[in-house]
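All values reported here derive from a predicted model rather than from experimental measurement. We count ligands from 1, going down the list as the structure has it; atoms in each ligand are counted the same way.
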Amino acid sequence: MTDRIVLAYSGGLDTSVAIGWIAEATGAEVIAVAVDVGQGGESLETVRQRALDCGAVEAYVADARDEFAEQYCMPTLKANGLYMDAYPLVSAISRPIISKHLVAAAQQFGATTVAHGCTGKGNDQVRFEVSIQTLGPELKCIAPVRDLALTRDKAIEYAERHNLPIETTKKNPFSIDQNVWGRAVETGFLEDIWNGPTKDVYDYTADPAFPPAPDVVNITFVQGVPVALDGETLTPLQMIEHLNRRAGAQGVGRIDIVEDRLVGIKSREIYEAPGAMAMMAAHQELENITLEREQARFKKMVDQRWTEMVYDGQWFSPLKKNLDAFIDESQKYVSGEIRLELHGGRATVQGRRSETSLYSFDLATYDTGDTFDQSSARGFIDIFGLSAKTSSEREQRIHGAPDLSGAGVEK
Ligand code: ARG
């Protein structure tokens with residue numbers, strides 16, 4: 001039987017050319033698999049037909065939007081997943097779900113190999129191949145752009161020579177990856193990190209410098225997951241889509257960073273994730289009132305480790321699963337409502353309310369109604385400071401009084 005290769009297909013120039021390129025280089029039949037994670041653009045049927053027209057023996061399109069929102073975006077929200085405190089993992093969380101669908105297709109169609117369109121310089125090749133190896137250890141991976149010398153110029157030349165039904169003239173200076181969770185833009189003049197982004201870089205967000213009137217949204221969470229917007233019940237996918245529109249109209253969620261790739265290169269990327277960033281602001285604040293102090297402090301470390309694991313392509317790894325278990329358990333009481341004002345590029349929390357809140361008005365108030373016994377603070381401080389005080393006394397015994405220079409009234 002002829003060998004079969006499943007190709008992660010986007011419908012763009014590179015992967016369209018890769019169909020014939022792989023077939024010629026390997027003698028295998030190519031099965032194109034496109035996974036819809038809410039990237040928008042052309043209809044799935046158009047994409048499927050193009051793959052067939054470019055020579056794929058089978059083409060298959062998976063609508064994975066709800067699965068992506070529920071099983072990839074919501075865990076990212078629960079983990080407040082911001083790589084380098086800024087990037088909400090847009091591309092990093094789409095690679096594992098695409099890999100899962102590629103492995104399933106490979107098994108279904110009897111393929112031995114999975115191919116993807118990544119270069120050898122980025123994180124995505126790692127994410128795809130580590131995920132594929134984990135889910136389908138019997139499968140081989142190839143990357144035509146990286147392994148079969150398929151350059152951009154060769155792709156254009158190949159497409160023209162074979163009359164492939166794909167636009168080769170439209171020159172977009174940017175490399176863009178987008179899904180419902182957000183959008184990533186790199187290359188072109190953005191590679192000079194002194195250059196500011198121009199207006200044409202953005203698509204999910206309007207210019208925050210000229211915002212419409214402030215928009216106030218009320219997000220209801222149950223155990224860390226947003227379930228209703230202004231009282232209307234929504235699925236995770238609908239929630240993200242709604243907030244992308246409303247927060248996007250206010251220019252919320254624009255990010256410009258130079259990030260540390262796993263492969264050791266620093267790269268500049270512009271992101272837009274209006275819904276994700278608005279939800280994260282709300283989720284973090286709800287955690288502030290519902291997590292116990294030590295749990296909250298510890299969770300910050302877990303969140304960061306989770307985020308790095310996911311960025312580094314370890315979605316299906318044992319440690320990542322262990323951290324998921326911690327994070328899920330921590331969300332037990334993260335339920336309630338957050339009122340957010342979206343305006344001029346910012347999502348600002350204005351109100352919070354929860355049946356499971358740990359905030360106690362009677363303990364916190366400085367007005368009448370105070371139930372906190374302030375006299376108990378003295379003994380607490382004596383004991384809390386005792387070890388530092390004891391060691392300072394030793395210091396004074398041996399080296400004299402503490403250095404207070406720079407303080408006090410000048411003589
Ligand atoms: N740097 C981001 C990451 O590694 C995005 C990668 C894809 N970006 C792109 N513009 N094609 O997760």
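Residue contacts with ligand 1, taken as heavy atom pairs separated by less than 4.0 Å, do not involve Arg268 at all. Here Tyr83 has no heavy atoms under 4.0 Å from ligand 1, in either its backbone or its side chain. Residue-level proximity to ligand 1 for Tyr87 is carried by the side chain, the only part with a heavy atom below 4.0 angstrom. At a 4.0 Å heavy-atom cut-off, ligand 1 does not touch Arg261 at all. At a 4.0 Å heavy-atom cut-off, ligand 1 touches Asp124 through the side chain alone.
At the top of the distance list for atom 8 (N) of ligand 1, counting protein heavy atoms only, stands Glu269 OE2, 3.1 Å. Shortest contact from atom 2 (C) of ligand 1 to any protein heavy atom: Tyr271 OH, 3.1 Å. What sits closest to atom 11 (N) of ligand 1 on the protein, heavy atoms only, is Ser175 OG, 2.9 Å. If you check which protein heavy atom lies closest to atom 4 (O) of ligand 1, you get Asn123 ND2, 2.7 Å.
Here the rule is side chain to side chain contact (heavy atoms under 4.5 Å, CB included) with Asp230, and of Arg246, Arg339, His242 only Arg246 fits it.
A cation-pi arrangement, defined by a distance under 6.0 Å to the six-membered ring centre and an angle within 45 degrees of its axis, is present between Arg127 and Tyr311. Remark: Arg254 qualifies as a cation-pi partner of Tyr202 under the 6.0 Å distance and 45° angle criteria applied to the six-membered ring.
In terms of N/O distances under 3.5 Å, ligand 1 is not approached by Ser267.
For the pair His101 (side chain) and Val35 (backbone), a donor-acceptor distance under 3.5 Å is absent. Using modelled atom types, no side-chain atom of Thr365 and backbone atom of Asp362 make a donor-acceptor pair closer than 3.5 Å. Side-chain atoms of Gln125 come within 3.5 Å of backbone atoms of Gly122 as a donor-acceptor pair (strictly under, hydrogens ignored).
Contact of the Pro88 side chain with the Thr76 side chain is not registered, since no non-hydrogen atoms from C-beta on lie closer than 4.5 Å.
Applying the 4.0 Å criterion to heavy atoms of Arg127 picks out, from ligand 1, the atoms 3 (C), 4 (O), 12 (O).
With a 6.0 Å radius and a threshold of 12 heavy atoms from other residues, nucleotides or ligands, Gln284 has its CD atom above the threshold.
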